[in-house]
2 protein chains.
Amino acid sequence: MDTAEENLDQVALTLKLLGDKTRLTMVKLLEDQECCVCELVEIFKTSQPSISQHLRKLKDAGLVKENRKGQWIFYSVNRDHPQRDLIHGLISLLPSQKYQIEELEKKGLRISCG
Amino acid sequence: MDTAEENLDQVALTLKLLGDKTRLTMVKLLEDQECCVCELVEIFKTSQPSISQHLRKLKDAGLVKENRKGQWIFYSVNRDHPQRDLIHGLISLLPSQKYQIEELEKKGLRISCG
DNA sequence: TTATTATATAAGCATATAATTATATGCGCA
DNA sequence: TGCGCATATAATTATATGCTTATATAATAA
């Protein structure tokens, strides 16, 4: 397979991953700040396994990275992804999700560890 | 649903549609020139119904438009799509597919009508 | 050590998607 | 009108996806 075709394949895979509302919102959110799984469970109002499975797909594709802090695992966007320009361009067009974090803080559910 | 959430939904839908190698390549190709269904069948080396079904999805989402010329129906990118900036930004990163048209011309399979 | 909390993984189910096969529609021409 | 080509649609099948439930792993605290 030549480089051009490979490129098309890889872009299609990335778009397929981001063509899911939960994952798209997740990536937008994690672009601004890292979050742990339990925060995402609260934000997306869905089950913990469901969140873990979405994160796994994003991580396998290199879109996000994880960072364990004690019992928590924090996820954030991987800014070294080969398609960084594409991804950043995309999510920059999306409405900010920072209010989600503010909501968490209001409820006292924000996890922060040095 | 507020505008922001709607926006996320709509972007996710568009990305899901473009998260398929055939449709992504198709849109890139149709950005540069209009093609009829039988040309796409030849280019993608797949069945005519399969191509028609992909085109239907793209048309339903407003990503492409059709233009009947006699017995042929030519498709091209709809530059009036509400997410035109997003879509154009995406496909501008993809390798040109013009060689596909050149191949068609070499084989004498290019349909051209006034 | 055991218990608790956070997260991951596995298995099962329901739904969605893409491709194929068969058939229908629409247009042009004799 | 009837035939042939281009395209669309319908029905079927195979596969992929996302969610749930149940269980496993990892870290911390008692």
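Heavy-atom basis, side chains included; hydrogens, waters and symmetry copies ignored.
Residues passing the side chain to side chain donor-acceptor pair (under 3.5 Å) test with A:S52, sequence neighbours excluded: A:Q48. When the salt bridge (charged side-chain N to carboxylate O under 4.0 Å, His left out) test is applied to B:R68, no partner is found at least two apart in sequence or on another chain. Residues passing the side chain to side chain donor-acceptor pair (under 3.5 Å) test with B:K45, sequence neighbours excluded: none. B:K107 is linked by a salt bridge (charged side-chain N to carboxylate O under 4.0 Å, His left out) to B:E42, counting only residues two or more places apart in sequence or in another chain. With sequence neighbours excluded, the residues that form a side chain to side chain donor-acceptor pair (under 3.5 Å) with A:Q100 are A:Q97. Shown here are the side chain to side chain donor-acceptor pair (under 3.5 Å) partners of B:H54, two or more places apart in sequence or in another chain: B:R23.
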Between A:K16 and B:D20, does the side chain to side chain contact (heavy atoms under 4.5 Å, CB included) criterion hold? Intermediate values first, please.
CA-CA 7 Å; A:K16 176 183 267 186; B:D20 173 279; over 6 Å; no
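Note: CG (A:L18) to C1' (D:dT17) measures 16 Å, nearest angstrom. Atom pair B:F44:CZ and C:dA18:C1' shows a separation of 15 Å (rounding to whole Å applied).
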Pairs: protein N or O with nucleotides 14-17 of chain C N or O, under 3.5 Å:
| residue | atom | partner | partner atom | Å |
| --- | --- | --- | --- | --- |
| C:dT17 | OP1 | B:K16 | NZ | 3.3 |

How does each nucleotide of nucleotides 5-10 of chain C score, in 5' to 3' order, for protein heavy atoms under 4.0 Å: base (B), sugar-phosphate only (S), or none (-)?
BSBBBB
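Put simply, A:T46 has no side-chain N or O that comes within less than 4.0 Å of OP1 or OP2 on D:dG18. Listed pair B:S47 / C:dA19 fails the phosphate criterion, with no side-chain N or O lying under 4.0 Å from OP1 or OP2. The side chain of A:H54 places an N or O atom within less than 4.0 Å of a non-bridging phosphate oxygen (OP1 or OP2) of D:dC19.
Listed by first and then second residue, the salt bridge (charged side-chain N to carboxylate O under 4.0 Å, His left out) pairs that reach into residues 85-100 of chain B come to none, sequence neighbours excluded.
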